[in-house]
Amino acid sequence: MVEWSDQERSIINSIFASLDYEDIGPKALSRCLIVYPWTQRYFGGFGNLYNAEAIKTNPMIAAHGIKVLHGLDRAVKNMDNIKATYAELSVMHSEKLHIDPDNFKLLADCLTIVIAAKMGTAFTADIQAAFQKFLSVVVNALGRQYH
Amino acid sequence: MLRDKEKKLIRELWERLIPVAEDIGSDALLRMLVTFPGTKTYFSHLDIRPRSAHLRSHGKKIVLAIAEGAKDISQLTVTLAPLQILHAYQLRITPSNFKLFSHCMLVALACFLGEDFTPVTHAAMDKYLSAFAAVLAEKYR
């Protein structure tokens with residue numbers, strides 16, 4: 001059972017309330033594919049991923065980035081039960097998508113950095129800690145149904 | 001492996017960051033200490049509260065070392081030789097912590113540079129910091 005302080009809940013809700021999904025989603029996913037090119041293995045049918053420019057302007061990647069980011073909404077609404085909330089998604093990522101769960105952390109790190117770049121100095125150490133705690137719980141839940 | 005273009009990018013970026021070494025360094029350190037509390041165990045001898053003099057001077061030291069290495073990345077093993085010995089025989093910081101600090105340095109850079117911290121810059125920086133950490137741990141065993 002993950003314990004959340006009032007401050008942490010407030011931080012997480014505040015970040016997601018003001019999040020521009022159409023901007024941040026594509027940026028986070030494309031950054032992951034550029035910084036960690038081996039993650040491109042899961043995007044064989046997504047068209048041109050030949051270089052950073054191609055990835056950044058790829059509309060299929062952008063759409064998928066938005067979808068993945070919205071996937072976090074359920075965790076935000078169910079912070080006290082993220083593990084159960086993502087049980088089905090975890091099975092899907094394991095049995096249908098066959099994604100190595102170590103990669104979830106890579107995307108989480110890229111998302112953190114994209115939000116840091118957007119918020120600048122407003123992304124304080126305390127806010128970073130709360131956000132990373134949230135993402136690590138999500139990452140953990142997504143990897144839980146792998147057997 | 002770092003390509004020539006990436007080495008140039010990193011060399012130039014760190015040169016720009018030397019004047020703000022204290023700010024960037026102490027920011028990265030604080031982020032690490034707050035986000036990964038296990039890392040605090042290495043600092044029982046220092047005052048690591050936000051904006052403390054120790055945090056600022058220690059952060060500055062680290063950034064200047066990273067900037068020094070960036071001047072000639074192909075010579076990293078030579079440049080870092082004294083620091084290798086320090087970390088292996090005296091500090092003995094568990095190497096997995098280098099990754100945690102590197103991540104927080106990337107976050108600090110993102111906050112500082114905003115949109116200028118492009119994915120390409122991020123990738124090059126991540127590679128450099130990984131290489132730096134690997135060299136630092138070379139004499140551990």
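Chain naming here is simple, since letters A, B, ... match the order of the sequence lines and numbering starts at 1 in each.
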Same hydrophobic cluster for [X] and [Y], using side-chain heavy-atom links shorter than 4.5 Å among ILVMFWY?
X	Y	value
B/Met125	B/Leu64	no
B/Ile73	B/Val78	no
B/Val120	B/Tyr128	no
A/Trp38	A/Phe104	no
B/Val20	B/Leu9	no

- Which bit of B/Leu113 is near chain A, if near means a heavy-atom gap under 4.5 Å: side chain, backbone, both or neither? neither
- Query: For B/Phe36, is it the side chain, the backbone, both, or neither that has a heavy atom closer than 4.5 Å to a heavy atom of chain A?
  - Reply: side chain
- Note on the structure: When the 4.5 angstrom heavy-atom criterion is applied to A/Ser30 and chain B, the contacting part is neither
Determine whether more than 12 heavy atoms belonging to other residues, nucleotides or ligands lie under 6.0 Å from atom [atom1] of [X].
X	atom1	answer
B/Met1	CE	no
B/Glu15	CD	no
B/Arg56	CZ	yes

I need the [X] [atom1] to [Y] [atom2] distance, nearest 0.5 Å.
X	Y	atom1	atom2	result
B/His122	A/Tyr36	NE2	OH	4.5 Å
A/Lys27	B/Thr118	NZ	OG1	12.0 Å
A/Gln132	B/Thr35	CD	OG1	5.0 Å
B/Asp23	A/Thr121	CG	OG1	11.0 Å
A/Gln128	B/Cys111	CD	SG	7.0 Å

- Taking all non-hydrogen atoms of both residues, which atom of B/Val34 and which atom of A/Ala125 are closest, and how far apart? CG1-O, 3.8 Å
- Taking all atoms of both residues into account, what is the closest heavy-atom pair of A/Thr112 and B/Val107, and its distance? CG2-CG2, 4.2 Å
- Message: Using side-chain heavy atoms (C-beta onward) and a distance below 4.5 Å, is B/Pro119 in contact with A/Lys56?
- Response: yes
- Message: Can you tell me which of A/Ile115, A/Ile34, A/Ile113 forms the most heavy-atom pairs within a distance under 4.5 Å of chain B?
- Response: A/Ile113
